[in-house]
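For reference, the structure is listed below as structure tokens.
Numbered from 1 within each chain, the chains take letters A, B, ... in sequence-line order.
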Amino acid sequence: MEQFAPVKRSKDGQAVRYLIVDDSVFARKNLARMIESFGGQVAAEAGDGLTAISEFDRTHPDIVLMDITMPQMEGIEAAERIVQQHPEARIVMVSSVGYQENIVAALQRGARHFVQKPVKPEVLYEVIKYVLGEDGAVANAAGAGA
Amino acid sequence: MKMELIQPFINAADAVLSQGLQGTTKVGNLTMEEDAYRRKGVAGMIALTGDIEGRIILDLEPQTAVKVASHYAGTDLPESDELIKETIFELANQVVGNAVSALNDQGFHFRVHPPLLLTAQEGDKTSEDTEALMILFETSLGSVFMNVALRYNKKRMADHAAVGA
């Protein structure tokens, strides 16, 4: 996989920590590989919305990558509940179902951005930088691909 | 079955496979299937309900499924690996999700159901208003078959028309 210039946390220069939420093991592995290529670290994974809430409380990640269609509790509801408890939470919805209603609903309920599957690493990378804003910094890396 | 329903699925599968397998995907034969569905290998089925109803099957011969899943995993997987099934499910999800997004923007509303693994060698015979279309995608790792059987939900469509009138 293509390597990107590492995105670090501005406050301490440490790796950005991610919570990956998807009911598909395949999707979680795929996202984890992308995160590693961005210089990030997987803080936790969850396969449904309810587990996502408890894993957020436990790990306090910098960014949540959240699928929408999942068992137990769907991603938009989980995002809303997390943001109610943690208004600072940065949640990026990642779903193959990318129609207007879904996107608007997710953004209205607290998500910061939306990425449609299949995820292009270069798109996710830009979204991560945008969502982190001043809290993220692109580190210099020799031979980085983007 | 109307081509306007099928085309978004063909476009979505073409895009998902081309991007995921990082190679050119060629849309091969399109054939009508009036007999019961015969599974070719690892097959994931996703049902749709709503304004349009039916199901989509993504089916890969076993060796192709292993190659495709290994490509995504970035390592060689054994034929028994659970990740092979997961890969086919996720690809089916992406194809259906992308197609449904396009159809939703045209005003159709759906519920997409979770993928199911087809284990029987032979499926249900399609009815007269859900005859299936089989589309072959030729990829660098082998053939991918997509079987689409969809129909308009006439009651839902009539309800929408009544509301819009």
Between the side chains of [Y] and [X], is the shortest nitrogen-to-carboxylate-oxygen separation below 4.0 Å, so that they form an ion pair?
X      : Y     : answer
A:K29  : B:E86 : no
A:E36  : A:R33 : no
A:K117 : A:D22 : yes

Residue [X] versus chain A: region with a heavy atom under 4.5 Å:
X     : answer
B:Q94 : both
B:Y72 : both
B:A12 : neither

For this session: Measure the acute angle between the ring planes of B:Y152 and B:F108, then classify it against the limits of 30° and 60° as parallel, tilted or perpendicular.
Result: tilted

For this session: Please determine, among B:D105, B:V112, B:N98, the option with the most heavy-atom pairs under 4.5 Å with chain A.
Result: B:N98

Exercise. Counting heavy-atom pairs under 4.5 Å to chain A, which of B:V95, B:L83, B:L103 comes out on top?
Worked result: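 Among B:V95, B:L83, B:L103, the one with the most close pairs to chain A is B:L83.
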
Problem set entry | Per-residue contact mode, A:Q100 against chain B (heavy atom under 4.5 angstrom) | both

Problem set entry | Heavy-atom side-chain proximity of B:L17 to B:V68 below 4.5 angstrom |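 They are not in side-chain contact.
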
